Undergrad: 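Here it is: the structure, laid out below.
Predicted model, so just to flag it, every value in this text is computed and none were measured. FYI, the numbering just counts along the sequence from 1.
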Amino acid sequence: GEFQIEDLESRGEWETNIDDWIALAKQTKEDKTYPWPGASNVKYPLVTTAAMQFAARSYPSLVPSNGKVVNATVIGKDQTGQKYEKAQRVSTYMSYQVMHEMYGWEEDMDKMLMMLPIIGTMFKKTWFDKVEDKVKSKLVLPKNIVVNYWTVSLDETERISEVIHMSRRILKEKQNMGIYADVELSDPVAATNLMPDDAMQNSNSVPYTLIEQHTFLDLDDDGYAEPYIVTFEYTSGKLLRISRRYHLDDVKLKDDGKTIATIKPIQMYTKFGFIPNPDGSFYDIGFGVLLGPINESVNTLINQLVDSGHLHN
């Protein structure tokens, strides 16, 4: 309920704007009947060109051709050079991880740098997969990470809800492996407010909509809510999994050595922002906001000139 009512509705206007920005960047043509049917409908690629130029400049800086994506920095005195040598080893190993072990990391970075300047906010999820026994990373679109619009940061928010569309087969596999509870679910129903408009709507292809919520729960009734990950099926609200979101080493006890004082949660999400939003909200802005109105004006002027020439001819 908290996910649907409070967080989702707080960013309703922003979600609507995203669709407009993407349509502008894709130069999507709508049917025009004014000033007459078949009137000129040119879409000038102003936003698209700006985004491509940003991506072309930023990608080589973040993903250099020599493969050294990670560069550890030495802090403090290093008289013997041991810190520098360790930094080099860490840099080499982590660069190997992101470029070769994390399937799709480089491709996701390429996509992210193209979409980021248009929308203004993108996310990456990084976690240790116990089943595959390795660190994994994936790009998450901004519509699929739901936090309250006025959240200060990911580390301070009470809830991060990831919208996950999962096929019937993969969900059943996770139930068979014991990752999700083996609860009975009815046929998936397209959650139209959480799915792309052009998603297939027939019963064989409609995925389940899951919500993986990184939140805090007081399951032991000690008055302190601990970090957990709760996964449930959106339409029915049926619980599939609850897992802890902290390492045991990050639990700090009070002086009595028994009562929990604080727990540092694991943060799996990284936010990439383009330009901070002037209204102070969590979701940053991009060229969709900055160049959108100018792009619309350019489109209008071009179309008026073409229509004028058409009339004169």
Side-chain angles (χ1 to χ4, degrees), residues 1-7 10 70-80 82-91 93-94 97-98 101-102 123-138 140 145-148 150-164 174-175 177-183 210-233 237-271 282:
E2 289 176 331
F3 160 73
Q4 183 179 6
I5 297 170
E6 187 178 334
D7 297 343
S10 70
V70 180
N71 286 293
T73 303
V74 175
I75 299 174
K77 292 182 179 181
D78 184 25
Q79 295 174 342
T80 61
Q82 286 185 335
K83 285 185 178 180
Y84 175 77
E85 291 176 2
K86 184 177 181 180
Q88 292 298 101
R89 291 194 298 271
V90 169
S91 300
Y93 178 65
M94 291 189 70
Q97 275 187 312
V98 298
E101 283 193 346
M102 291 184 185
F123 298 92
K124 273 202 169 188
K125 183 180 183 181
T126 310
W127 75 103
F128 184 80
D129 191 314
K130 293 182 180 179
V131 176
E132 297 188 27
D133 195 35
K134 68 177 183 179
V135 179
K136 298 181 74 173
S137 171
K138 73 171 183 176
V140 186
I145 295 291
V146 181
V147 299
N148 191 280
W150 300 108
T151 291
V152 176
S153 71
L154 287 177
D155 291 330
E156 295 184 31
T157 187
E158 290 298 308
R159 286 180 307 277
I160 303 172
S161 303
E162 181 183 354
V163 180
I164 300 172
K174 290 183 178 291
Q175 288 181 323
M177 294 173 66
I179 297 172
Y180 290 160
D182 192 13
V183 296
L210 309 184
I211 307 298
E212 181 181 295
Q213 190 171 99
H214 294 229
T215 186
F216 298 87
L217 300 173
D218 184 14
L219 298 181
D220 53 4
D221 292 326
D222 65 350
Y224 177 74
E226 295 88 11
Y228 286 97
I229 301 174
V230 181
T231 306
F232 59 93
E233 201 272 320
K238 287 187 176 180
L239 182 65
L240 294 173
R241 177 181 174 86
I242 297 180
S243 58
R244 61 182 171 87
R245 190 167 59 103
Y246 57 90
H247 298 298
L248 295 178
D249 292 342
D250 292 328
V251 178
K252 305 297 181 185
L253 301 177
K254 292 182 180 179
D255 293 338
D256 59 12
K258 298 178 181 179
T259 312
I260 295 175
T262 180
I263 300 177
K264 179 185 176 183
I266 296 171
Q267 180 58 268
M268 297 184 184
Y269 299 101
T270 304
K271 174 191 173 185
F282 175 76

Undergrad: For E85, enumerate each residue passing the side-chain hydrogen bond (donor to acceptor under 3.5 Å, both in side chains) test, keeping only those at least two apart in sequence or located in another chain.
TA: none
Undergrad: Look up atom CG in D250 and atom NZ in K252, then write down how far apart they are to the nearest 0.5 Å.
TA: 6.5 Å
Undergrad: Could you list the residues that satisfy side-chain contact (heavy atoms from CB on, under 4.5 Å) with E158, not counting sequence neighbours?
TA: F216
Undergrad: Are more than 12 heavy atoms from other residues, nucleotides or ligands located less than 6.0 Å from atom NZ of K86?
TA: no
Undergrad: With a 4.5 Å cut-off on side-chain heavy atoms, are T157 and F282 touching?
TA: no
Undergrad: Quick one: list whatever passes side-chain contact (heavy atoms from CB on, under 4.5 Å) with S10, sequence neighbours left out.
TA: N148, Y149
Undergrad: When rounded to the nearest 0.5 angstrom, what is the spacing between CZ in R245 and CD1 in I160?
TA: 6.5 Å
Undergrad: CE of M94: more than 12 outside heavy atoms within 6.0 angstrom?
TA: no
Undergrad: Pair Q267, D155 - check side-chain contact (heavy atoms from CB on, under 4.5 Å), show working.
TA: CA-CA 7 Å; Q267 180 58 268; D155 291 330; 3.2 Å; yes
Undergrad: Restricting to non-hydrogen atoms, name the atom on V163 and the atom on I211 that form the minimum distance, rounded to 0.1 Å.
TA: CG2-CD1, 4.0 Å
Undergrad: Would you sort out whether Y224 and T259 count as a side-chain contact (heavy atoms from CB on, under 4.5 Å), showing the intermediate values?
TA: CA-CA 10 Å; Y224 177 74; T259 312; over 6 Å; no
Undergrad: With sequence neighbours left out, write down each residue that passes side-chain contact (heavy atoms from CB on, under 4.5 Å) with K134, or none if nothing qualifies.
TA: E132, K136
Undergrad: Of all heavy-atom pairs between A87 and V74, which one has the smallest distance, and what is that distance?
TA: CB-CG2, 4.0 Å
Undergrad: Considering only heavy atoms from C-beta outward, does the side chain of Q175 approach that of V183 to under 4.5 Å?
TA: yes
Undergrad: Do the ring planes of Y228 and Y246 sit parallel (below 30°), tilted (30 to 60°) or perpendicular (above 60°)?
TA: perpendicular
Undergrad: What pair of heavy atoms forms the shortest contact from F232 to L239, and how long is it?
TA: CB-CA, 4.1 Å
Undergrad: Identify the two heavy atoms, one from L210 and one from L240, that lie closest to each other, and give their separation to 0.1 Å.
TA: CD2-CD1, 3.7 Å
Undergrad: When rounded to the nearest 0.5 angstrom, what distance separates CZ in R244 from CD1 in I266?
TA: 7.5 Å
Undergrad: Is there a donor-acceptor pair under 3.5 Å between the side chain of R159 and the backbone N or O of Q213?
TA: no
Undergrad: Just jot down the side-chain contact (heavy atoms from CB on, under 4.5 Å) partners of V152, sequence neighbours excluded, or say none.
TA: E156
Undergrad: Shortest non-hydrogen contact from S91 to V70?
TA: CB-O, 3.2 Å
Undergrad: Distance from I229 atom CD1 to T215 atom OG1, nearest 0.5 Å?
TA: 10.5 Å
Undergrad: Once salt bridge (charged side-chain N to carboxylate O under 4.0 Å, His left out) is applied, what residue pairs with a partner in residues 211-229 remain, sequence neighbours excluded?
TA: K125-E212
Undergrad: E162 and Y269: side-chain contact (heavy atoms from CB on, under 4.5 Å), yes or no, with the steps?
TA: CA-CA 10 Å; E162 181 183 354; Y269 299 101; 2.6 Å; yes
